[in-house]
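Within every chain, numbering begins at 1; the chains are lettered A, B, ... in the order of the sequence lines, protein sequences first and strands thereafter.
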2 protein chains.
Amino acid sequence: MKWQRMHKARANCVACPVLSQGLCGALNDQEALRLSSVSWHRRFSAGQIIHAEGEKPSYFCAVMTGVVKLMKSLPNGDQQIVGLLLPGDFLGRPFGGDSRSSAIAATNVRLCSFPRAVVEGLASESRVVERWLLDHVSDELEKAQDWIVLLGRMSAEQRIATFILSVMRSTHFEDAAAPKSCDEILIELSLSRTEMADYLGLTIETVSRQIARLRERGVIKVGASRTMIIRQPEALEATLEAALPGEGPKSTVRI
Amino acid sequence: MKWQRMHKARANCVACPVLSQGLCGALNDQEALRLSSVSWHRRFSAGQIIHAEGEKPSYFCAVMTGVVKLMKSLPNGDQQIVGLLLPGDFLGRPFGGDSRSSAIAATNVRLCSFPRAVVEGLASESRVVERWLLDHVSDELEKAQDWIVLLGRMSAEQRIATFILSVMRSTHFEDAAAPKSCDEILIELSLSRTEMADYLGLTIETVSRQIARLRERGVIKVGASRTMIIRQPEALEATLEAALPGEGPKSTVRI
DNA sequence: CGCGTCATTGAAATACTTCAACGACCGTGG
DNA sequence: CCACGGTCGTTGAAGTATTTCAATGACGCG
C-alpha cells in the first residue's frame with residue numbers, strides 16, 4: 001500500500017492529506033507526476049487573505065494543513081463565513097470565473113497550489129479527476145444545505161453544540177470505531193469567537209454566553225488558546241434532539 | 001426512421017426548458033437521442049412527494065414546468081427548504097447515494113425522468129455531460145452560499161425583499177436588457193406563506209407581517225392566489241443596502 | 001508598563017416568535 | 001343555493017431569545 005503510493009508522487013507528498021483524502025489520491029502515477037511537477041507550496045499565517053472576492057484565481061489550491069474560511073461581506077460591513085476548508089479540501093471552482101467569496105486563512109495554513117490550466121487540462125482528459133471534482137462539489141453542496149438548516153432553524157445553543165460536535169468528529173473520527181472510555185476529549189476550535197459568530201450567524205456575545213453556559217453546566221471545560229475539553233458529548237447531542245419531552249418526533253409530512 | 005431522427009431531439013423536446021437551459025442543450029445529436037429514447041414524463045400536483053429523504057432515487061429528473069422544493073426535517077417537526085428547483089434544473093445527485101433531502105412539488109410540476117444508469121453512463125462517456133453536471137452543481141453551491149448569507153445575516157425585512165426580487169428576476173430577466181417603463185411588475189410567488197417561511201428561516205406570521213408592511217408602504221400590491229405587483233423595485237433593493245446613512249460601506253477587512 | 005486584541009459579563013433594547021383569535025377563500029354535501 | 005368544515009392568511013398581544021450598547025478583564029507584545 002504505502003509502497004505503491006511511493007511511486008505515485010514525490011517524496012514530499014507522502015504524508016500529505018491531499019494524497020490520502022483529497023484529489024491526489026484519485027490520480028494514477030502519470031497524472032500525479034504531471035501535477036506534482038508543477039505544484040508549489042505556499043504558507044499563509046492566520047488572517048492573511050488568500051484571495052479576494054471577485055478576483056479570478058489563477059491557480060487551484062489544496063489545503064495541506066490549517067483551516068481556510070470562505071467569507072462573504074455585506075454592504076453594511078457584516079460578514080458571514082459560507083464555508084470552512086480543512087486539509088484535503090480544494091480551493092477554487094474548476095472551470096469557473098470570478099470567485100464569489102474571499103478565502104482567508106483562519107489559522108496558519110499550508111497550501112499546495114497548481115496552475116489553473118493544468119488542473120483543468122487534467123480534468124478534461126481524465127475521467128477520475130472530473131469525477132472526483134464532481135463528487136467533491138456535491139459533498140460541499142450537501143454540507144452547505146446542512147448549514148442552511150442550522151442557520152434557518154436552530155437556536156444559538158444548538159448551533160454552538162453542532163459546531164463543537166463537528167469539530168470533535170473531524171478530529172476524533174476514530175472514536176466511532178473504537179469508543180475509548182476516555183471521556184475527556186480535547187479539541188482545538190481553530191476559530192476565534194468572532195469567526196465562530198460569523199460562521200454560526202450569531203454575535204460574538206451570544207457565542208461567548210452560550211459557551212459560558214455549557215461551561216457552567218459542566219458539559220465542557222474551556223482551555224486556553226481556543227481549546228476546550230468535552231466532558232459530556234451526550235449533553236451536546238441531547239440539545240440537538242429538540243423533540244418535545246415525552247413525545248416522539250412528529251412524523252407528519254407537511255404539505 | 002433512423003435518418004429522420006438525426007436531429008437533436010424528439011418533437012416533444014422542442015419547447016422544453018431542459019433543452020434551452022438545461023442538460024439537454026449540452027448534448028450532441030446522438031446523446032440527445034439516446035437520452036430521449038429512455039425518458040418519460042411525470043406529473044405531480046402541488047404537495048406531492050417526488051421522493052423522500054433517505055431514499056436512493058432510481059432516476060434523475062429534469063424540471064420542465066413548476067417548482068420543486070428540497071426540504072429537510074428536524075426531529076422536532078420543523079422544516080427547512082434547502083433549495084428550490086426551477087425549470088431546467090436537475091433533481092438527483094449524479095453518482096450519489098441516498099438523497100439527503102426530500103423533494104416535494106411546490107406547484108404542479110412536470111418532470112422529465114431518466115433512469116439513473118443511463119445518465120451516469122452518459123456522464124462517464126461524454127465529457128460535456130460531466131462538465132455540465134459539474135458546472136450545474138457548482139452553481140447550486142454558490143446559490144446555497146448566498147442563502148447562507150441571507151439566513152445568517154439578514155433581517156426578516158431583507159429576507160422578504162431578497163426573495164421577492166429573486167422571483168422577479170427569474171421571471172422578468174429580460175427587463176435587464178430592456179428597462180421598460182412599465183413599472184408595474186406582476187409576479188407569481190408560487191410558494192405558500194408556510195413555504196416562504198420554511199425557505200427564509202422565519203415563521204409564517206413574520207412573513208405575513210413583513211409583506212403587510214411592504215403593502216402599507218406602497219412598495220407592493222398583494223393580489224390573489226400568490227401573486228403580487230411590485231410598484232417600487234428600488235425600495236426593495238434599498239432595504240438590502242443596509243449601509244448606515246451618509247456613510248459608505250466599511251471597507252475594512254476584518255481579520 | 002502600557003497598548004491592542006480578544007473574550008467575558010451585565011443591562012437595556014428589540015426583532016422575532018409564540019399563542020390565540022379571526023376572516024377569507026374554496027370545495028363538499030345537504 | 002347556502003351552510004359547513006378545511007386550509008390558508010392576517011392581525012393582535014404577550015413572551016423571549018438574541019442583539020445592542022457598554023464596561024471590564026485576560027492575554028500577549030513592544
Side-chain angles (χ1 to χ4, degrees), chain A residues 45-47 74 76-80 106-108 150-161 163 188-216 220-228 239 242 244 252-255, chain B residues 45-48 74 76-80 106-107 150-161 163 188-216 220-228 239 242 244 252-255:
Chain A
S45 46
L74 277 82
N76 66 8
D78 271 6
Q79 308 203 246
Q80 175 71 36
T107 65
N108 291 342
L150 178 137
L151 294 172
R153 287 292 168 231
M154 287 192 188
S155 67
E157 182 184 14
Q158 292 174 314
R159 297 183 200 197
I160 296 285
F163 176 71
E188 164 129 16
L189 294 180
S190 72
L191 254 51
S192 69
R193 292 287 186 271
T194 301
E195 287 167 329
M196 288 179 63
D198 286 345
Y199 194 33
L200 299 170
L202 302 169
T203 60
I204 179 175
E205 294 95 332
T206 303
V207 171
S208 190
R209 271 186 263 264
Q210 292 296 337
I211 290 178
R213 286 188 53 190
L214 289 174
R215 176 168 41 73
E216 286 157 16
I220 59 171
K221 227 165 91 178
V222 180
S225 75
R226 297 172 191 180
T227 63
M228 93 180 17
T239 66
L244 303 161
T252 38
V253 173
R254 187 164 64 203
I255 294 177
Chain B
S45 47
Q48 274 194 294
L74 276 82
N76 66 10
D78 272 4
Q79 308 203 245
Q80 174 71 37
T107 64
L150 178 136
L151 294 172
R153 288 290 169 234
M154 286 193 189
S155 66
E157 181 185 13
Q158 292 174 315
R159 296 182 200 198
I160 296 285
F163 176 71
E188 164 127 19
L189 294 180
S190 74
L191 253 51
S192 69
R193 293 286 186 269
T194 302
E195 288 168 328
M196 286 179 64
D198 286 345
Y199 194 34
L200 299 170
L202 301 169
T203 60
I204 179 175
E205 294 95 333
T206 303
V207 170
S208 189
R209 270 185 262 263
Q210 291 297 336
I211 290 179
R213 286 188 54 190
L214 288 174
R215 176 168 40 75
E216 286 157 15
I220 60 171
K221 225 164 95 179
V222 180
S225 74
R226 297 171 190 180
T227 63
M228 112 185 348
T239 67
L244 304 160
T252 38
V253 173
R254 186 164 64 200
I255 294 176

What is the separation between atom [atom1] on [X] and atom [atom2] on [N], rounded to the nearest whole Å?
X        : N      : atom1 : atom2 : value
B:Ile204 : C:dA21 : CD1   : P     : 17 Å
B:Arg213 : D:dT11 : CZ    : P     : 13 Å
A:Ile160 : D:dT18 : CD1   : P     : 10 Å
B:Ile211 : D:dT10 : CD1   : C1'   : 11 Å
B:Arg193 : C:dG23 : CZ    : C1'   : 15 Å
A:Leu200 : D:dT19 : CG    : P     : 11 Å
A:Leu191 : C:dC6  : CG    : C1'   : 14 Å

So what does A:Ala212 touch, heavy atoms closer than 4.0 Å: a base, only the sugar-phosphate, or nothing?
sugar-phosphate
Under the criterion side-chain contact (heavy atoms from CB on, under 4.5 Å), I'd like the reasoning laid out for B:Thr203 against B:Thr206: C-alpha separation, chi angles, the key distance, then a yes or no.
CA-CA 5 Å; B:Thr203 60; B:Thr206 303; 2.9 Å; yes
Main-chain N/O of [Y] paired with [X] side-chain donor or acceptor, under 3.5 Å:
X        : Y        : answer
A:Arg193 : A:Val207 : no
B:Gln158 : B:Thr239 : yes
A:Arg153 : B:Asp78  : no

Set out, in order, the CA-CA distance, both residues' side-chain angles and the distance that settles side-chain contact (heavy atoms from CB on, under 4.5 Å) for A:Thr227 and A:Leu189, then state yes or no.
CA-CA 6 Å; A:Thr227 63; A:Leu189 294 180; over 6 Å; no
Considering only nitrogen or oxygen atoms on both sides, find all protein atoms under 3.5 Å from nucleotides 28-30 of chain D and state each distance.
none

With a 4.0 Å limit, can you tell me whether B:Arg215 has a side-chain N or O closer than that to the phosphate oxygens OP1/OP2 of D:dT11?
yes
Axis bend over the full length of the helix from C:dC1-D:dG30 to C:dC26-D:dG5, computed from five pairs that close each end, to 10 degrees:
30°
A:Gln80 and A:Asp198: which non-hydrogen atoms are nearest, and at how many Å?
NE2-O, 2.9 Å
I need a per-nucleotide contact map over nucleotides 13-20 of chain C, read 5' to 3'. Cutoff is protein heavy atoms under 4.0 Å; write B for the base, S for backbone only, - otherwise.
---SBBBB
Which residues pass the side-chain contact (heavy atoms from CB on, under 4.5 Å) test with [X], sequence neighbours left out?
X        : value
A:Ser45  : A:Gln48, A:Asn108
B:Ser208 : none
A:Ala106 : A:Val67, A:Lys69, A:Leu191, A:Glu195

Under the side-chain contact (heavy atoms from CB on, under 4.5 Å) criterion, do A:Ser190 and A:Arg226 qualify, and how do the steps go?
CA-CA 6 Å; A:Ser190 72; A:Arg226 297 172 191 180; over 6 Å; no
Assess whether side-chain contact (heavy atoms from CB on, under 4.5 Å) is satisfied between B:Ile160 and B:Met196, documenting all intermediate values.
CA-CA 9 Å; B:Ile160 296 285; B:Met196 286 179 64; 4.2 Å; yes
